[in-house]
Amino acid sequence: VAERCGFWLLEDDPYGELRYRGAPLPSLGSLAAERTLSLSTLSKVAAPGLRIGWVRTPPALRSSLVVAKQAADLHSSTIDQAAAARWLATVDLDAHIAGLRAEYGARRDALLTGLAAALPPGSVHNRPAGGMFVWARLPDGWDAEALLERALARDVAFVPGFPFFAGPPDRATLRLSFTAHAPDEIAEGLARLAGAWH
Ligand SMILES: Cc1ncc(COP(=O)(O)O)c(C=O)c1O
């Protein structure tokens with residue numbers, strides 16, 4: 001089918017609902033439904049370990065994808081799917097996501113407020129409008145994995161950025177999550193991070 005139609009777009013969008021400022025962005029699937037396979041998951045809005053996702057496909061691809069999924073893992077856990085279906089039937093999803101946005105937005109702000117002071121001078125970071133992470137880059141010559149070792153000794157962690165690179169990795173980059181902890185805990189984590197390189 002793909003050969004006849006030319007190309008497909010694969011949209012992997014687990015974070016689109018978690019937007020803290022600005023108007024919602026249109027999904028690729030809404031712009032080119034006949035060309036797009038849209039993937040998402042309940043992991044980011046229901047429970048991180050749930051690992052129940054879905055794919056919205058053009059009709060011509062659907063049966064092939066079902067076979068491919070069965071070949072990959074037979075099927076997703078029936079019990080987990082039943083729990084997810086039960087949750088979806090009872091929750092007010094829009095209100096639930098609005099609550100996540102408010103809480104995660106405050107946590108994002110807490111991280112952004114203290115981050116510059118917690119990283120070595122000359123570091124830079126983004127100010128994401130959504131999602132769960134802030135990306136930062138240490139000054140030239142710094143290695144985020146080496147900093148992580150010193151941070152772990154103080155019981156605070158981040159994810160070095162280099163494994164995420166498709167091309168030559170930049171070892172000065174790091175990814176910081178802001179969703180798992182309340183603002184006061186984030187402030188404490190940043191104080192520990194600052195102590196790791198001072
Ligand atoms: C970009 C991206 N896609 C897909 C997933 C998969 O989510 P899950 O396996 O939890 O359903 C994740 C989870 O971290 C992700 O970050």
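Since the model is a prediction, treat every value here as computed from it, not as a measurement. Just so you know, ligand 1 is whichever comes first in the structure, and atom 1 is the first atom listed for that ligand.
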Among Lys44, Met132, Arg51, which one puts a heavy atom closest to atom 9 (O) of ligand 1?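 Selected option, by shortest heavy-atom distance: Arg51.
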Nearest neighbour of atom 11 (O) of ligand 1 from the list Leu39, Thr41, Asp12, Leu42, on a heavy-atom basis: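 Shortest heavy-atom distance from atom 11 (O) of ligand 1: Thr41.
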Apply side chain to side chain donor-acceptor pair (under 3.5 Å) to residues Thr179 and Lys44 and explain how you reach the verdict. CA-CA 10 Å; Thr179 52; Lys44 314 302 172 190; over 6 Å; no
Can you tell me which residue and heavy atom of the protein come closest to atom 5 (C) of ligand 1, and the distance to 0.1 Å?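 Sorting protein heavy atoms by distance from atom 5 (C) of ligand 1 puts Pro14 CG, 4.3 Å first.
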Return the closest protein heavy atom for atom 16 (O) of ligand 1 as residue, atom name and distance.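 For atom 16 (O) of ligand 1, the nearest protein heavy atom is Tyr15 OH, 2.7 Å.
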Counting N and O atoms only, with roles assigned by atom type, does the side chain of Arg192 sit under 3.5 Å from a partner on the main chain of Asp155, one being a donor and the other an acceptor?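 Flag set: sc Arg192 to bb Asp155 pair under 3.5 Å.
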Do side-chain atoms of Arg19 reach the backbone of Ala23 as a donor and acceptor pair under 3.5 angstrom?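 Yes, the answer is positive, given that a donor and an acceptor are paired below the 3.5 Å cut-off.
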Please give me the minimum heavy-atom distance between Glu34 and Trp8, naming the atom from each residue.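 Scanning both residues, the minimum pair turns out to be O-CZ3, 3.4 Å.
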